[in-house]
Peer 1: 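So that we are looking at the same thing, I have put the structure below in structure tokens.
Just so it is clear, the structure is predicted and the values come from calculations on it, not from any experiment. Below, read A as the first sequence line, B as the second, and so on, with proteins coming before strands; counting in each chain starts at 1.
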Amino acid sequence: MTRSSQPSVPWLLVRLKVRLLRNRIKTARGGVVNAVLSAVLGVILGVSAFFIVAASAGASDPRVREAVLVLGSTALMLGWIVLPMLTFGTDETLDPARLQLLPLRKRPLMAGLLASSFVGFAPAAAVLAVAGAIVGYGLGPWAVITAAAGLVLLISCAATARMVTTSLAARLTSRRGRDAMVIVVSVVALAAQGLRFVRFDSIDPAFVDRLIAIFRWLPPGMLGHAVFDADNGSYAVALAETLAPAALLPAIMVVWARALDRSLTVVTGGLTVARRDRGRQRNGIALLFDRLPFIRPTPVGAVVARELRYVGRDPKRKVLVINSLLIGLGGPIYFAFRASGGLAPGSVLLSSVAGFIALLGAMNQFGYDGGALWLDVVAGNVVREELIGKNVALAVQVVPVMAVAGVLLAALSGGWVFLPAALVMGLGGLGAGLAVANVASVRVPQRLAENRSPFAGGGAGQGCGTSMVMMLCLLVQWLVLTPVGIAGAVIAFGGVAFSIVLAPAVAIYGYVVWRTGLGMATRWAFWRQPELIIAVDPRRG
Amino acid sequence: MIGPEGAGPAWPAVVARGLWKRFDAKIAVAGVDLDVPRGCFFGLVGPNGAGKTTTIRMMTALLRPDQGDVWIEHHDVWRDPVGAKARIGVLPDEFRLFDRLSGAELLEYCGLLRGMDASTVASRRDELLSVLELDGARDTFVIDYSTGMRKKIALAAALLHSPNVLFLDEPFESVDPVATQTIRHVLERFTDIGGTVVFSSHVMEVVERLSDRVGVMHQGRLIAEGTLDEICGGRRLEEVFVDLVGAHVADDGALSWLGRDPTSAPPPG
């Protein structure tokens, strides 16, 4: 082999990325399904973005064109920055530490990383969106400016995203940093869900104008505005608006290069020190809680205590708790304020929303134990104790939230009379829901991604195939919960008198279903514990 | 309380018959028969990929064999898992722990989960932490332990319920000499009082010094098994091992490029 035939480093890195994607499709569980779904999603997103952007060129109102170009390009950059953060755990080429030992010069390394940013379905969709702008707006003598603006936008997006992920990777290598990041990303993701409640048809056009007025001066928006100005014949302005963000590129590259240096050479620690003041302990056992004396020093108590200790210490579980707090308390309050003509007293029954959210997280209870599950399995016959312990721990977290939500709703609506029924039925519903969750946890256990990267949150690493099984489990759960819902509706609309019969009936129903589910799960799992370990251990995938 | 024919009081602590395990196309363990007498320190050696870890996982109810049976102290591991697990302590390879518990909490968790009473758990916890020199780190999260400390806390968890048989997969790998010494002392005390240890290791010197009996695994089979004297016959275990597994030594012409200037251009062609 002669030197001239050696492939260049950037080309090698692009091929590495292609190879990694291909191998993941071949080897990962449900890899092909995931790839097909990603491709379909990428094509749908890309093609629809292409047509929306291209079609906006024909809009008679210049404000529509300006909004699509300025806000669209800003959204593109934000998306490009945030998305790699969420997939950090699964995209090896994004992690500079993996290239640490190779004698690579920085320039070809950066060129290669930048080029490999464009490999994948999501980048392809982004390129299609930009192509939509070029086709829609760029057909004319100003095509060069439009194309240049699009190119600068794509490169800026990729470079800024690399800069941000590399800087964060360098700074968040400590455990505490990683933990904090998992929570921040999840809360941001949840906040993004909140956008669903925004009614876009009622947005004031003046508000959009204000947004455009701000974002058109930021680099991505400025590039979008360059296309708008070129389309309007202001070529000089458009050229300036293209060149200014382009001039920023070297600065982004320098910051990225520095972050790359730091991430390749600096290792930061994150050691916790002994921190607990060890005073008196109940039975001399530090694991148990002095303030929760009902947690006994028994196998079930051990599991409850471990689960509750983990709530404060494991970011994945913290995320679950934060979600059920935000939605469980925020949801009912949102409804309370949105309700027109005053809040119905029966809305107190909505207090069990928190329990419902917690049930979603309980579908994969052993997945959170991951590779450590062997420690329980070697202890003997503990599946039943494990499940009861996990269920009790969940109830300990959720019941107070339901109670607070109930009191809040009662205070807002005056429906205090519904509060006892709400609490009893909330518990019944929790039991019935946990029955399905327990069976799902042992029948379709799922592996969670190892928390090695700053951005691998709970739920990462689950394939679409398993998501479909999960949807089926949720469907079954809804079916099981239907009688509870019907009883709630009868009480809410028929009158509180019904609760005298229905609330105890729901509680008994919940307990019976819970016992049945627990028995089914225990019998299934007893002889399948080795398979359960393999199913949830991320290292044995 | 069942076992193969002829099971009596003098029956070995661990009996494995015809253990088979296949992972896709690769046969990891191809019919292993093994008897480990009570109070024995049994060393399992073999090159990487020989099937040691798979064998130990199958003997400890962590991995289901495709075929074969294992009895621990007369209890069939796969038909009476509860009885068998009550009698064993396990330190697997590449193990994960509930590492956001402190060392002390982890031991308490393991003890309570096995149904031990709180005062016994507390006193054994303190003793194990002290003997294994982990007192100073008892309130530190296990996630922040070094590799040696993790091995020691996992060993403590394996010993807490006073098992009859200990299975240890590579207990000395990535462990510094001081921790190695501590672990060795604890294991020797365990066998002195009648406990049985089955452990795998790459370190021949450790196996030679600790083991009463040795098994050599190669390509999924147990190709030699017996007392150290029977296996070695006066030679060093390492020599015997290399002979048995037929180690491939590169011929003189291979790797001739080693030692060249790495910055020079490769030869054309």
Peer 1: We want to know whether A:Arg306 and B:Tyr109 form a side-chain donor-acceptor pair, criterion being a heavy-atom distance below 3.5 angstrom.
Peer 2: yes
Peer 1: Please flag which part of B:Asp99 lies under 4.5 Å from any non-hydrogen atom of chain A: side chain, backbone, both or neither.
Peer 2: both
Peer 1: Quick one: what part of B:Ala61 sits under 4.5 Å from any heavy atom of chain A, side chain, backbone, both or neither?
Peer 2: backbone
Peer 1: Less than 4.5 Å to any heavy atom of chain B: does that hold for the side chain of A:Val382, its backbone, both, or neither?
Peer 2: side chain
Peer 1: Scan side-chain atoms only and decide if A:Ser441 and A:Asn364 contain a donor-acceptor pair under the 3.5 Å cut-off.
Peer 2: no
Peer 1: Between the main-chain N or O of A:Arg317 and the side-chain N or O of A:Tyr310, is there a donor-acceptor pair closer than 3.5 Å?
Peer 2: no
Peer 1: May I ask you to check whether B:Phe199 and B:Phe42 place their ring centres under 6.0 Å from each other?
Peer 2: no
Peer 1: Taking the cut-offs as 6.0 angstrom to the six-membered ring centre and 45 degrees off its axis, would you call B:Arg22 and B:Trp20 a cation-pi pair?
Peer 2: no
Peer 1: If I measure from the heavy atoms of chain A, does B:Ile88 come under 4.5 Å with its side chain, its backbone, both, or neither?
Peer 2: neither
Peer 1: Counting heavy-atom pairs under 4.5 Å to chain B, which of A:Asp376, A:Val300, A:Leu532, A:Leu373 comes out on top?
Peer 2: A:Asp376
